[in-house]
Amino acid sequence: EGTFVRLFFGFDISTVAEIDADDWISKHWQEVTVIRFKKKIYSIVDCAKALLKIQKEYGSFVGLLENLEIPRQLHKVSDMDAFWQGFRRLRTELTSVNMPFYKNTTTLLHLLLTIGYDCIKPDSTIMRVAKDIGIVSSTTGDKNLIKVVQTIQRYSITKNVKPAVVDFY
C-alpha cells in the first residue's frame, strides 16, 4: 500500500470529504511534500466533496458523463456540436458542485482527452501555429482555445483521423 493510499484512506470519497485539511497538513505534510503546494490538500478534500454531490445526483462521475451524452467519438459535425453542448453543461455542473480545477477549459479538455474523448488540449506551440496561420488572432483566452480545438475536430472529422493524431503532428 502506497503512502497516498494510506494517508487518504484508500481514496474512500466519503472519508476524504471529512478530512480537516489544516489538521491533515499538520500531521502528514512531511510525508507528501512531493505535492509541493499545501493548498492542493484543500483541493483534494474539495474534490471528494464535489464527487459526493455528483454521486448523490448521478450515481457516479461516469453517470454524470452518461447523462450529458457527450459523444466520445466525432464522426460528423453534429457530433461535434453535441460535444460542445455537453462540454458547457459539464463545466456548469462541475462549477455548481465547486469541483476544483475542472471548471477551467484547458483542464477539462485534458480530462476528457485522457478518458478517451475526441478532443485536444492545445499547448502553446499549437496556439502559436494557429495564430500564425490565421485560425485565431491571439494565443490566449478561452474563445481562442475553443476555436482551435473545434478547428482540429472539424478537420479530423473530414479526414477521418483522431484529433490527438492531428495535435501530435
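The chain is numbered in sequence order, starting from 1.
Other residues, nucleotides and ligands contribute over 12 non-hydrogen atoms within 6.0 Å of the CZ atom of Phe87. The number of heavy atoms from other shown groups lying within 6.0 Å of NZ (Lys53) is above 12. The environment of CZ in Phe4 is crowded: more than 12 heavy-atom neighbours from other residues, nucleotides or ligands sit within 6.0 Å. Within 6.0 Å of CG on Asp142 lie more than 12 heavy atoms contributed by other residues, nucleotides or ligands.
By the 4.5 Å heavy-atom criterion applied to side chains, Ile54 and Ser60 are not counted as neighbours. In this structure, Leu109 and Thr106 have side chains that are not in contact, with every pair of non-hydrogen atoms separated by 4.5 Å or more. Between Cys119 and Gln153, the closest side-chain pair of non-hydrogen atoms falls below 4.5 Å. The shortest distance between side-chain heavy atoms of Phe101 and Leu94 does not fall below 4.5 Å. Residues Glu93 and Tyr58 meet the side-chain proximity criterion, which asks for heavy atoms closer than 4.5 Å. Contact of the Thr95 side chain with the Tyr102 side chain is not registered, since no non-hydrogen atoms from C-beta on lie closer than 4.5 Å. Side chains of Thr105 and Leu108 form no contact here, defined as non-hydrogen atoms less than 4.5 Å apart.
From Leu145, atom CG reaches atom CG of Asn104 across 8.5 Å, with rounding to the nearest 0.5 Å. Within the model, atoms CG of Leu51 and NZ of Lys49 stand 12.5 Å from one another, a figure rounded to the nearest 0.5 Å. Distance CG/Leu112 to CG/Leu65: 7.0 Å, rounded to 0.5 Å. Taken to the nearest 0.5 Å, the CD1 atom of Ile70 stands 8.0 Å off from the CD1 atom of Ile115. Taking CD1 from Ile135 and OG1 from Thr151, the interatomic distance works out to 5.0 Å, rounded to the nearest 0.5 Å. Considering OG1 of Thr139 and CG of Asp123, their distance stands at 11.5 Å, rounded to 0.5 Å.
By the rule that hydrophobic residues join a cluster once side-chain heavy atoms approach within less than 4.5 Å of another member, Leu74 and Phe168 end up as members of one cluster. At a threshold of 4.5 Å between side-chain heavy atoms, the hydrophobic network of Ile, Leu, Val, Met, Phe, Trp and Tyr places Val62 and Met99 in two separate groups. In this structure, Ile44 is not a member of the same hydrophobic cluster as Phe37, with clusters built from ILVMFWY side-chain heavy atoms closer than 4.5 Å. Taking hydrophobic clusters as Ile, Leu, Val, Met, Phe, Trp and Tyr residues chained together by side-chain heavy-atom distances below 4.5 Å, Leu7 shares a cluster with Ile35. Note on Val77 and Ile146: separate hydrophobic clusters, where clusters join Ile, Leu, Val, Met, Phe, Trp and Tyr whose side-chain heavy atoms are under 4.5 Å apart, directly or indirectly.
Minimum heavy-atom separation, Phe8 to Val16: O-CG2, 3.3 Å. Contact between Asp12 and Thr15 at its shortest, heavy atoms only, is OD2-OG1, 2.6 Å. A pairwise comparison of heavy atoms in Val45 and Ala17 identifies CG1-O, 3.8 Å as the closest pair. When all heavy atoms are compared, the tightest approach of Leu52 to Ser14 is CD2-OG, 3.6 Å. Residues Met127 and Ser138 approach most closely at CE-O, 4.2 Å, considering heavy atoms. Of all heavy-atom pairs spanning Ile120 and Leu113, the tightest one is CA-CD2, 4.3 Å.
The main-chain N or O of Pro163 is never found under 3.5 Å from a side-chain atom of Asp167 such that the two would form a donor-acceptor pair. Side chain of Asn67 to backbone of Gly63: no donor-acceptor contact under 3.5 angstrom is found.
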- May I have the step-by-step check of side chain to side chain contact (heavy atoms under 4.5 Å, CB included) for Ile157 and Met80, ending in yes or no? CA-CA 9 Å; Ile157 291 167; Met80 193 177 97; 4.1 Å; yes

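Taking the six-membered ring for Trp and the full ring otherwise, Trp24 and Tyr42 have centroids separated by 6.0 Å or more.
A salt bridge (charged side-chain N to carboxylate O under 4.0 Å, His left out) check over residues 23-40, counting only residues at least two apart or in different chains, returns the pairs Arg6-Glu31, Asp23-Lys27.
Ion pairing between Lys162 and Asp118 holds under the 4.0 Å rule for side-chain N and carboxylate O.
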